[in-house]
Amino acid sequence: MIKELRLALGLKQEALPDGICVQGQLSKIEKGEYIPTSSTHYELARRLGGAWT
């Protein structure tokens, strides 16, 4: 779901996690290979407009 929202907003994978986590970590989150901490989850959701909670 994160990837779909990110693409819908026109964000590159490098831009979304800026200041939240590193691009490699976001890649793993999008693939379901890594579960983000609650603070990372919150910040990504905020950056995506609160659409992913």
Rounded distance (nearest 0.5 Å) linking atom CD1 of Ile35 with atom CD1 of Ile29: 10.0 Å

Within-4.5 Å side-chain heavy-atom neighbours: Lys31 and Lys3: no

Spacing of CG belonging to Leu44 relative to SG belonging to Cys21, to within rounding of 0.5 Å: 5.0 Å

side-chain contact (heavy atoms from CB on, under 4.5 Å) against Ser38, all qualifying residues, sequence neighbours excluded: none

Pro17 and Gln25, any side-chain heavy atoms less than 4.5 Å apart: no

Partners meeting side-chain contact (heavy atoms from CB on, under 4.5 Å) with Leu9 (sequence neighbours left out): Leu11, Leu48

Which residues share a side-chain contact (heavy atoms from CB on, under 4.5 Å) with Lys12, sequence neighbours left out: Glu14

Any side-chain heavy-atom pair of Leu16 and Ile2 under 4.5 Å: yes

Close side-chain approach of Ile20 and Arg46, heavy atoms under 4.5 Å: no

Shortest non-hydrogen separation from Arg47 to Ala15 and the atoms involved: NH1-O, 3.7 Å

Side chain to side chain contact (heavy atoms under 4.5 Å, CB included) partner of Leu26, the single match among Lys28, Glu30, Gln23: Glu30

Side-chain (Glu4) to main-chain (Met1) donor-acceptor, under 3.5 angstrom: yes

